[in-house]
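Heads up: numbering here begins at 1 and tracks the sequence. Reckoned from all heavy atoms, side chains included, excluding hydrogens, waters and symmetry mates.
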Amino acid sequence: MTLREVKIGTTVHVKKINGEGPVKRRIMDMGITKGVEVFVRKVAPLGDPVEVTVRGYELSLRKADAEMIEVQ
């Protein structure tokens, strides 16, 4: 399951980040790494952006980036 598929109000743990190069680095620079807890706060009507809380910070992710993050 990817972060994009998670329902609003759900807390999940990051299992794996797919992708490579600058895209993966940008996601990791936001503090989203393997094992971290992510709370999905809001998803825009068309799915872009996905707003999450990670390590106490509120972040907005692009739909394409959220699809690269595998969660459990």
request  = Measure across R4 and L46 and return the closest heavy-atom pair with its distance rounded to 0.1 Å.
outcome  = NH2-O, 4.4 Å
inquiry  = Do V50 and F39 land in one hydrophobic cluster if side-chain heavy atoms of ILVMFWY residues count as linked below 4.5 Å?
reply    = no
ask   = Can you name the salt bridge (Lys or Arg N to Asp or Glu O under 4.0 Å) partners of E5, sequence neighbours left out?
value = none
query = How long is the gap from CD1 on I69 to CE on M1, to the nearest 0.5 Å?
reply = 14.0 Å
remark   = Between the CG atom in D65 and the CG atom in L3, the distance rounded to the nearest 0.5 Å is 10.0 Å
key: Separation between OG1 of T2 and NZ of K63, rounded to the nearest 0.5 Å   = 11.5 Å
note = The side chain to side chain donor-acceptor pair (under 3.5 Å) partners of T33 (sequence neighbours excluded) come to R55
message = Rounded at 0.5 Å granularity, tell me how far CD1 in I27 sits from CZ in R62.
response = 9.0 Å
message = Set out, in order, the CA-CA distance, both residues' side-chain angles and the distance that settles side chain to side chain contact (heavy atoms under 4.5 Å, CB included) for E51 and L61, then state yes or no.
response = CA-CA 6 Å; E51 295 185 12; L61 292 170; over 6 Å; no
Could you give the side-chain donor-acceptor pairs of residues 12-25 under 3.5 Å, partners two or more places apart or in another chain?
| residue | atom | partner | partner atom | Å |
| --- | --- | --- | --- | --- |
| N18 | ND2 | E70 | OE2 | 2.9 |
| R25 | NE | D29 | OD1 | 3.2 |
| R25 | NH2 | D29 | OD1 | 3.2 |

key: Listed partners of T53 passing side chain to side chain donor-acceptor pair (under 3.5 Å), at least two apart   = R41
V38 vs V71 side-chain heavy atoms within contact, under 4.5 Å = no
